[in-house]
2 protein chains.
Amino acid sequence: MPTYKHPRPSVTVDVVVFGYDGGQTLKLLLIQRGGEPFKGQWALPGGFVDMDEDLEVSALRELEEETGVKDIYVEQLYTFGQPGRDPRGRVISVAHYALVNLGNHPTNAASDATRADWFSLDELPELAFDHAGIIDLATARLRAKVRYQPIGFELLPEAFTLGELQRLYETVLGVPEFNKRNFRTRILKTGILEEVGKQENVAHRPALLYRFNEARYRKLVDERDSAVLRRALDFEL
Amino acid sequence: MPTYKHPRPSVTVDVVVFGYDGGQTLKLLLIQRGGEPFKGQWALPGGFVDMDEDLEVSALRELEEETGVKDIYVEQLYTFGQPGRDPRGRVISVAHYALVNLGNHPTNAASDATRADWFSLDELPELAFDHAGIIDLATARLRAKVRYQPIGFELLPEAFTLGELQRLYETVLGVPEFNKRNFRTRILKTGILEEVGKQENVAHRPALLYRFNEARYRKLVDERDSAVLRRALDFEL
DNA sequence: ACAAAAGTGTTATCCTTACACCCATGC
DNA sequence: GCATGGGTGTAAGGATAACACTTTTGT
């Protein structure tokens with residue numbers, strides 16, 4: 001079918017899946033390679049793109065095949081094409097990144113020969129190929145993006161407290177702790193959160209539960225009121 | 001050499017080159033296709049990736065071959081891989097975008113069969129493949145990026161006045177005109193500009209000429225003082 | 001002298017920051 | 001009643017927006 005007479009590289013997709021469970025660090029989903037090269041070593045989930053398959057679809061398919069994780073937010077990150085990055089020949093990889101809440105998408109047993117597991121972002125094992133570099137880029141992108149897009153909501157359960165949201169920001173950005181009062185004021189001022197209830201059975205004053213209001217977010221972006229948003233999410237302290 | 005037994009798509013690079021000449025609109029560098037498909041139609045410069053060539057190198061090589069433009073700032077944009085985007089088969093294109101000042105990189109005669117020319121961004125001809133979509137994405141990215149990175153300096157000559165810089169921002173963002181006083185205060189406060197002289201032979205008070213101080217910019221980014229920067233570049237008015 | 005663009009002073013207002021304090025719940 | 005987080009009041013200082021004004025050059 002293809003009529004070009006040029007040599008063709010192989011094309012793969014890889015997925016950097018960030019997970020959050022409310023704790024002190026972000027988690028990363030890795031698989032242990034079942035075959036050569038790098039057999040037995042940990043790597044990003046991913047694989048070859050089918051000939052009639054969109055890239056993002058391909059990434060989601062490989063992710064589900066190798067880890068069981070599905071129905072998640074995924075986005076293209078960067079394409080790595082340096083000659084020599086794969087010992088077997090020219091392989092160009094379209095890297096993606098994805099965000100999940102570990103509660104909604106519980107640890108998934110691997111399907112076939114490969115094993116899958118979650119690792120703390122600051123305690124990663126040695127990685128196959130150039131995957132360490134891909135993860136570095138994904139982490140930088142996540143930190144940058146969290147400042148001007150309410151992307152972090154993918155990492156939380158449907159309903160969450162402002163305290164949980166603040167802890168998430170602190171974890172993602174790796175900063176010590178910022179001022180509670182000001183965090184609340186900024187976030188609530190945007191109007192992208194809506195109340196959905198109240199905590200129960202907690203050993204302290206029950207917090208209000210919020211949900212991300214996507215409609216109101218889109219309206220803000222469209223109305224060019226996005227400055228409000230950017231300022232509100234752009235935490236320094 | 002490659003040992004994978006999967007079918008392989010073709011891989012190309014395309015480059016969206018934005019040019020600025022101090023005028024009211026941004027320009028875009030296009031080539032007229034010499035062969036099928038889409039023969040005679042306008043398209044982005046680009047072509048097939050060589051087997052032992054990095055993607056960015058490939059983009060710069062194709063750009064120079066087809067338009068003569070070289071030695072410019074280029075960056076990866078997004079990878080387009082939808083099946084059917086090329087009538088001849090599966091072709092995945094790694095799109096890049098680049099910024100040039102038209103004064104420094106004068107209109108370049110095309111080398112071989114293809115013709116190259118600059119078009120106003122708001123008066124583009126009909127485009128081959130999915131190139132119109134690629135350009136849309138590049139434009140959105142440029143507008144977004146100009147707000148938190150001093151990327152616009154690539155579009156100006158070495159030395160420029162604050163008035164020219166302001167006109168550039170107004171052009172890129174497509175806003176009417178913002179307040180001169182406040183623009184100056186914000187930009188100068190960052191310290192990323194340094195004086196390099198003064199205009200001569202102009203029919204009005206000569207403006208101070210400035211140059212982008214990259215060292216100081218890097219220092220700001222590293223020092224996490226980047227909030228200063230972001231706020232300074234994030235124009236709303 | 002005039003046009004044209006550069007460059008400055010100033011103020012009211014809003015936003016950010018910082019710190020102290022009160023509230024509701026389970027044990 | 002104490003520990004634990006949730007939630008609020010507020011005031012000082014800094015940044016922003018808006019407007020009017022002065023300056024310097026070529027013609």
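For clarity, every value in this text was computed on a predicted model and none was experimentally measured.
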Donor-acceptor contact below 3.5 Å, side chain Glu164(A) vs main chain Thr161(A): yes

Separation of dG26(D) C1' from Gln199(B) CD (nearest whole Å): 13 Å

Length of the line joining Gln166(B):CD and dA4(C):C1', which is rounded to integer Å: 15 Å

Determine which pairs satisfy side-chain hydrogen bond (donor to acceptor under 3.5 Å, both in side chains) with at least one residue from residues 136-145 of chain B, sequence neighbours left out, and list them in order. Glu75(B)-Lys145(B)

Tyr97(A) vs Phe18(A) aromatic rings, parallel, tilted or perpendicular, using cut-offs 30° and 60°? perpendicular

Respond yes when some side-chain nitrogen or oxygen of Lys189(A) is under 4.0 Å from OP1 or OP2 of dT16(C), and no when none is. yes

Start at the 5' end of DNA chain D and walk down; is the nucleotide closest to Ala203(A) or to Leu162(A) reached first? Ala203(A)

Report the distance from atom NZ of Lys198(B) to atom C1' of dG7(C), rounded to the nearest whole Å. 12 Å

To the nearest Å, give me how far apart CG (Leu165(B)) and C1' (dA6(C)) are. 15 Å

Closest nucleotide of DNA chain C for Arg205(A) versus for Ala207(B): which of these residues is on the 5' side? Ala207(B)

Which nucleotide in the list dA6(C), dG7(D), dT17(C) gets nearest to the side chain of Asn182(A)? dT17(C)

So, taking the atom named OH in Tyr169(B) and the one named CG in Leu155(B), what distance separates them when rounded to the nearest 0.5 Å? 10.0 Å

Considering heavy-atom distances to DNA chain D, does Leu208(A) or Glu200(B) have its closest nucleotide positioned more toward the 5' end? Leu208(A)

Rounded to whole Å, CZ of Phe183(A) lies from C1' of dG7(D) at a distance of 14 Å

To the nearest 10 degrees, the angle between the two end axes of the helix from dA1(C)-dT27(D) to dC27(C)-dG1(D) (five pairs per end) comes to 10°

Parallel under 30°, tilted from 30 to 60°, perpendicular over 60°: which one fits the rings of Phe129(A) and His131(A)? tilted

Just to verify, what does Asp21(B) make a salt bridge (Lys or Arg N to Asp or Glu O under 4.0 Å) with, not counting sequence neighbours? Lys27(B)

Should the side chain of Arg181(A) and the base of dG7(D) be counted as holding a donor-acceptor pair, with the cut-off at 3.5 Å? no

To the nearest angstrom, how far is Asn179(A) atom CG from dT8(D) atom P? 14 Å

Closest nucleotide among dG26(D), dG26(C), dA5(C) to the Asn201(B) side chain: dG26(D)

Taking only N and O in the side chain of Arg186(A), is any of them less than 4.0 Å away from OP1 or OP2 of dT17(C)? yes

Can Ser93(B) and Asp14(B) be counted as having a side-chain donor-acceptor contact under 3.5 angstrom? yes

Without decimals, in angstroms, what is the distance between Lys180(A) NZ and dC23(C) P? 14 Å

Presence of Arg184(B) side-chain N/O under 4.0 Å of dG7(C) phosphate oxygens OP1/OP2: yes

Determine whether a donor-acceptor pair (N or O, by modelled atom type, separation under 3.5 Å) exists between the side chain of Glu154(B) and the backbone of Asn101(B). no

In whole Å, what is the span from the CG atom of Leu209(A) to the C1' atom of dG6(D)? 12 Å

Return the nearest nucleotide to the side chain of His204(A); candidates are dG7(C), dC19(C), dG5(D). dG5(D)

